[in-house]
Amino acid sequence: MKFLNDAPRFLFFTGKGGVGKTSIACASAITLARAGKKVLLVSTDPASNVGQVFGVSIGNTITSIPAAAGLSALEIDPEQAAAAYRERIIGPVRGLLPEKDIAAIAEQLSGSCTTEIASFNEFTGLLSGQDDITATFDHVLFDTAPTGHTIRLLQLPGSWTEFLDDGKGDASCLGPLSGLEKQRAIYADAVAALADPQRTRLVLVSRAQRSTLAEITRTHRELADIGLTHQHVVINGVLPDPADDTDPLATAIYRREQAAIAALPDELAQLPTDQVPLKAANIVGIGALDSLFAADLIPVSAAPAATPQPLSAPLSALIDELDTDDHGLIMCMGKGGVGKTTIAAAIAVALTERGHQVHLTTTDPAAHLSETLNGELDNLQVSRIDPAEATEQYRNRVLTTKGKNLDERGRANLAEDLRSPCTEEVAVFQAFSRVIHESSRKFVVVDTAPTGHTLLLLDATGSYHREIARQMGENTNFTTPLMRLQDPNATKILLVTLAETTPVLEAAGLQADLQRAGIEPWAWVVNNSLAAAEPTSPLLQQRAAGEIAEIDTITRQYSQRTAIVPMLAEEPVGTTALAALCKA
């Protein structure tokens with residue numbers, strides 16, 4: 001693997017959920033350890049399954065991996081990190097400020113943005129040399145890199161906090177950043193380490209799919225814009241060339257993947273790139289990890305270990321239930337790369353064909369609704385909540401209102417504050433709120449952004465609800481966006497996943513987060529299922545057999561309604577293909 005040649009001390013693995021970041025990171029750690037290096041693998045994923053992959057219990061302490069000499073692992077618990085971070089800020093003023101002020105600070109520090117910063121705070125010491133626990137390790141590998149969003153937050157100037165302390169601003173991320181000033185030097189060292197190719201290498205992990213390759217293209221640009229240019233690409237799970245054409249599905253998938261790879265943007269194609277072939281089984285256990293980067297495939301048996309029975313849980317059954325009403329909010333949620341856009345578009349087309357007025361919209365910065373629909377239908381309105389456009393309108397509005405009475409320095413500071421990436425979350429939330437209101441008279445189908453972004457939206461929704469409730473006091477004659485999301489008669493949330501370990505775990509984590517907010521998901525959709533497609537290729541049959549346990553877990557533990565959408569030979573692009581998807 002090129003990305004492991006002359007590996008620097010720090011390697012970061014980033015990419016959409018379900019592309020195999022954890023498998024690639026774990027296999028890389030083992031490869032380096034087998035070469036005699038002392039390696040620490042750090043996971044910052046809220047739904048970390050590093051322990052499951054290695055078959056040991058890890059948690060928030062450095063744990064040796066018995067089957068791989070020289071390898072240790074650590075799972076940073078984001079919630080635990082956020083709690084400690086909040087206490088560092090609130091602890092010194094507890095007893096000195098009125099309880100209402102303490103409660104206000106706690107509210108500011110309750111969102112996903114705080115959790116993201118707190119997780120980064122946990123391992124900045126690893127990058128800056130402030131933490132002695134990594135001194136004995138030759139390599140430190142991070143499964144799930146900090147996002148460009150996090151790094152931009154840490155790059156905000158020192159005058160920003162001073163400006164807030166003077167009470168002149170009204171920042172969207174006051175809570176997360178209000179206690180960062182003392183850490184600024186450490187953060188600066190950490191960001192410098194990330195940008196230093198002698199110390200750090202960023203590995204962009206993808207599948208050979210248009211959507212996931214588009215995601216790492218956007219990540220590449222976002223990180224390059226802030227100086228993190230030393231990047232490698234790993235395309236994981238590439239289907240080998242079928243030896244014959246006896247399975248039309250295998251042939252179609254191979255051609256589709258090769259076309260996606262050939263269409264890589266020049267800026268990505270010029271980066272050092274490795275391809276990892278698809279294996280017959282899930283990559284769990286030391287043996288499978290040892291073989292992941294091997295040139296030869298894991299042997300495929302002539303027949304799968306367990307032949308999956310045909311699965312019948314069509315998407316049309318969910319459409320039938322939705323069709324009993326004439327309006328409502330339908331939200332497709334899940335990690336990037338699982339096919340939320342396709343499922344949202346298919347549902348919108350199906351409801352339109354049944355005579356309903358439908359508004360299909362997206363909050364995804366990488367939205368490709370127009371490509372998926374590839375046509376128009378009467379009664380179907382299609383829109384996009386454009387983050388850049390919404391943010392620019394919000395900034396102008398704030399500068400015009402809150403900034404009109406500030407002096408020149410104050411306006412400059414306010415403008416700097418509004419360049420914070422958290423401003424985008426507030427702006428998108430306002431547009432999202434308008435969409436929620438529209439669902440009281442027609443169907444509104446929302447293709448949401450990847451999970452972290454969506455949770456930030458829901459945090460904003462919850463904060464708005466709590467603020468309105470405080471202001472209204474005993475007057476209960478109001479409806480906030482959160483109340484509409486909590487109403488099962490008004491909102492149907494569909495969790496979209498793949499029948500693979502990581503996407504299912506992440507969807508389950510999202511469901512738990514929603515339930516804590518009083519929002520109960522309505523159904524799960526298992527997309528691109530090989531088990532439902534009934535392939536004849538031995539390799540794909542074994543992959544299909546491995547899906548059965550994941551589908552069984554979903555139906556038994558998580559979902560009262562489940563639809564299973566088969567992997568198709570051709571991607572469902574265009575209104576005709578989308579309509580057929582719901583009738584299958």
Side-chain angles (χ1 to χ4, degrees), residues 42 44 46 59-61 74-134 146 149-193 402 409-410 413-414 416-423 425-426 455-456 459-460 462-464 466-467 469-470 516:
V42 182
T44 63
N60 201 28
T61 57
L74 167 68
E75 293 175 329
I76 293 176
D77 184 332
E79 293 301 325
Q80 184 178 344
Y85 177 77
R86 282 191 291 269
E87 183 57 28
R88 280 196 299 273
I89 294 175
I90 296 175
V93 298
R94 190 177 282 114
L96 301 177
L97 295 178
E99 281 301 315
K100 65 174 185 176
D101 292 341
I102 297 294
I105 296 173
E107 174 66 28
Q108 291 165 355
L109 296 169
S110 65
S112 292
C113 194
T114 299
T115 303
E116 189 174 18
I117 290 291
S119 293
F120 192 87
N121 193 51
E122 285 288 300
F123 60 78
T124 47
L126 306 180
L127 292 168
S128 63
Q130 301 289 324
D131 197 330
D132 293 334
I133 65 172
T134 63
H149 174 283
T150 306
I151 297 167
R152 286 198 306 277
L153 281 173
L154 301 176
Q155 290 177 320
L156 288 173
S159 61
W160 197 86
T161 301
E162 177 187 346
F163 171 56
L164 294 178
D165 290 342
D166 290 342
K168 297 176 182 175
D170 186 20
S172 58
C173 52
L174 167 62
L177 291 180
S178 60
L180 292 185
E181 190 62 31
K182 293 180 181 178
Q183 293 285 108
R184 192 165 298 281
I186 296 175
Y187 290 140
D189 289 343
V191 172
K402 297 182 182 299
R409 179 172 178 268
N413 283 332
L414 179 58
E416 179 66 41
D417 161 28
L418 291 170
R419 282 193 287 272
S420 159
C422 281
T423 300
E425 308 300 340
V426 174
L455 288 177
L456 287 171
D459 280 334
S463 297
Y464 174 80
R466 289 186 288 272
E467 180 61 28
R470 278 195 296 268
R516 280 193 291 273

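- Closest of all the heavy-atom pairs between I102 and I90 is CG2-CG2, 3.9 Å.
- Listed by chain and number, the residues in a side chain to side chain contact (heavy atoms under 4.5 Å, CB included) with P98 are K100, D101 (sequence neighbours excluded).
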Open item on the list: Would E87 and R94 count as a salt bridge (Lys or Arg N to Asp or Glu O under 4.0 Å) here? Give the steps.
Closed with: CA-CA 10 Å; E87 183 57 28; R94 190 177 282 114; 3.0 Å; yes
